[in-house]
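All values reported here derive from a predicted model rather than from experimental measurement.
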2 protein chains.
Amino acid sequence: MDEKFESYFKAAVSVDNVVFGFDHTGLKVLLIYRGADPYRNCWALPGDLISLDTNLIDSAEKVLQDLTGLEEIYMEQIHTFGKVDRHPYGRVFTVAYFALIKIEDYHLHPSSWAEEAAWFPIGEIPELPFDHNDILAYAKEQLKSKIRRQPIGFELLPKHFTLTELQNLYESILETEFDVRNFRKKILSMDFITDTGLKQTSVTHRPAKLYKYNAKRYSNLINTGFAFDL
Amino acid sequence: MDEKFESYFKAAVSVDNVVFGFDHTGLKVLLIYRGADPYRNCWALPGDLISLDTNLIDSAEKVLQDLTGLEEIYMEQIHTFGKVDRHPYGRVFTVAYFALIKIEDYHLHPSSWAEEAAWFPIGEIPELPFDHNDILAYAKEQLKSKIRRQPIGFELLPKHFTLTELQNLYESILETEFDVRNFRKKILSMDFITDTGLKQTSVTHRPAKLYKYNAKRYSNLINTGFAFDL
DNA sequence: TTAATTATTGTACTTTTTACAATATATTCG
DNA sequence: CGAATATATTGTAAAAAGTACAATAATTAA
């Protein structure tokens with residue numbers, strides 16, 4: 001390699017994950033409490049610098065797996081942030097991902113980081129270090145946009161869910177309201193949300209039917225030119 | 001900074017631009033003929049390594065401006081590629097952008113690179129170095145998806161265009177066909193493509209009316225909750 | 001048995017999408 | 001100058017999708 005290239009090879013690249021979760025109180029984001037400099041003792045997005053011998057996507061997945069203990073998490077790269085002064089230690093580009101996890105599953109597998117992580121309601125995010133507030137805002141917009149056109153909402157719900165839960169999820173993320181009858185009609189007409197035959201238990205009122213997402217049917221539909229849009 | 005961080009600061013980051021153009025023969029991509037190593041004497045996406053003192057977006061814009069001489073080019077970041085072995089000189093992440101330019105304007109401002117750049121029809125792209133073929137494929141998908149929901153098709157057409165040209169553009173990019181009457185009805189009903197009062201000249205048949213995109217009307221519509229979708 | 005709570009379902013109306021072909025306006029050529 | 005050629009422009013009826021709206025059903029708790 002020519003010497004003139006050397007000056008370029010002095011940057012670092014990190015990944016930062018915006019991890020979304022959902023429960024009956026609404027949409028939440030997983031933040032970690034930093035135990036090391038820079039910005040020690042701050043809440044921040046979970047992320048890490050990338051080792052030179054690790055692929056980008058592997059690095060993003062590893063951060064999440066260390067943090068949650070979960071495998072097969074829905075992740076998507078959303079944007080790369082590269083302002084010159086965004087990191088105090090030097091030139092650090094960060095590649096942001098968003099991830100959707102089922103909060104229940106997360107509680108089942110606490111990891112070494114568990115004590116230092118917490119869910120924050122989307123409306124109560126504190127001031128974060130670096131440009132993490134920007135990243136989070138960007139991720140939220142992406143989620144709003146993606147969830148309308150791709151069947152990813154289910155990633156935030158238990159495997160079996162009620163239509164009311166599904167509607168609450170959409171209303172919460174899209175910050176809007178749907179008519180109960182029309183919402184159900186539309187969802188069920190799409191034919192890839194199927195009745196499990198089961199019902200809620202331990203509720204103090206009429207139990208709702210439990211449904212599940214049928215990925216196979218969805219991909220069949222896609223192949224016929226169908227486009228999900230809510 | 002702690003010494004343990006030093007090993008991370010040895011990566012380089014580049015930008016690569018997928019520049020789309022359109023003429024009556026269809027969608028085209030601008031490639032450059034590399035005059036320097038690595039991959040000297042190959043057609044490739046126009047891109048460059050990022051200096052440590054340059055913001056990401058500025059770097060992407062500079063590459064395009066050097067190449068085309070144009071200012072105010074429509075650009076959008078699409079994805080970051082970071083496989084370990086994608087560059088022969090070391091660990092290089094690349095942030096890909098797509099850009100839309102009016103081919104006519106480009107011809108008006110040849111730059112220092114002009115002799116080494118050429119438009120390739122989207123269906124006749126040669127084998128490219130690095131992972132540029134992957135980047136291009138990704139960009140093409142993004143374009144297909146974006147052009148349906150955002151009024152960016154006009155960036156590829158002259159300021160004044162006919163509805164037939166507009167329809168050809170959409171049909172070409174989306175690889176589908178529209179009914180002439182329905183297409184025009186839909187486009188014109190959106191109310192932000194306005195008649196200039198002008199007509200084509202120098203055509204050997206009935207001249208078509210010339211229209212233009214009205215950005216102000218579009219943003220007004222957006223504020224009323226309107227969503228473009230073709 | 002009644003009260004309380006949430007789940008579930010249908011219909012008429014409006015809007016949007018779709019399918020489909022004849023007429024209009026310009027140039028070129030004989 | 002008229003005919004041939006080439007593309008531009010326009011409407012309507014039928015189907016599908018979206019919207020607005022409220023009564024009944026199923027369960028637990030008192």
Measure [atom1]/[X] against [atom2]/[N] and give the value in whole Å, please.
X: R148(A); N: dG18(D); atom1: CZ; atom2: C1'; value: 14 Å
X: L163(B); N: dA24(C); atom1: CG; atom2: P; value: 20 Å
X: L230(A); N: dG18(D); atom1: CG; atom2: P; value: 10 Å
X: D179(A); N: dA17(D); atom1: CG; atom2: P; value: 18 Å
X: L210(A); N: dT6(C); atom1: CG; atom2: P; value: 17 Å
X: D195(A); N: dA7(C); atom1: CG; atom2: C1'; value: 13 Å
X: D229(B); N: dA17(D); atom1: CG; atom2: C1'; value: 14 Å
X: I187(B); N: dA8(D); atom1: CD1; atom2: C1'; value: 16 Å

Indicate yes or no: does D58(A) engage K62(A) in a salt bridge with an N to O separation below 4.0 Å.
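No, no charged N to carboxylate O under 4.0 Å.
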Shortest side-chain distance from P207(A), nucleotide among dT6(C), dA26(D), dT8(C):
dA26(D)
Choosing from dT10(D), dA6(D), dG11(D), which nucleotide comes nearest the side chain of R184(B)?
dT10(D)
I want to confirm an ordering. Mapping K185(B) and R206(B) to their closest nucleotides on DNA chain C, which one lands closer to the 5' end?
K185(B)
N or O in side chain of [X] less than 4.0 angstrom from [N] OP1/OP2:
X: R181(A); N: dC21(D); result: no
X: K186(B); N: dT16(C); result: no
X: T204(B); N: dA6(D); result: no
X: K199(B); N: dA26(C); result: yes

Heavy atoms only, 4.0 Å cut-off, all strands: where does [X] land among base, sugar-phosphate and nothing?
X: K209(B); result: sugar-phosphate
X: V203(B); result: sugar-phosphate
X: T164(B); result: sugar-phosphate

Measure the shortest side-chain to side-chain distance between F226(A) and M190(A) over non-hydrogen atoms and say whether it is less than 4.5 angstrom.
yes
Determine whether more than 12 heavy atoms belonging to other residues, nucleotides or ligands lie under 6.0 Å from atom NZ of K144(B).
yes
Under 3.5 Å: donor-acceptor pair, side chain of S59(B), backbone of L56(B):
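No, S59(B) side chain to L56(B) backbone: no donor-acceptor pair under 3.5 Å.
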Going by atom types alone, do E61(B) and Q65(B) pair a side-chain donor with an acceptor below 3.5 Å?
no
Nearest-nucleotide 5' precedence on DNA chain D, T162(B) against N182(B)
T162(B)
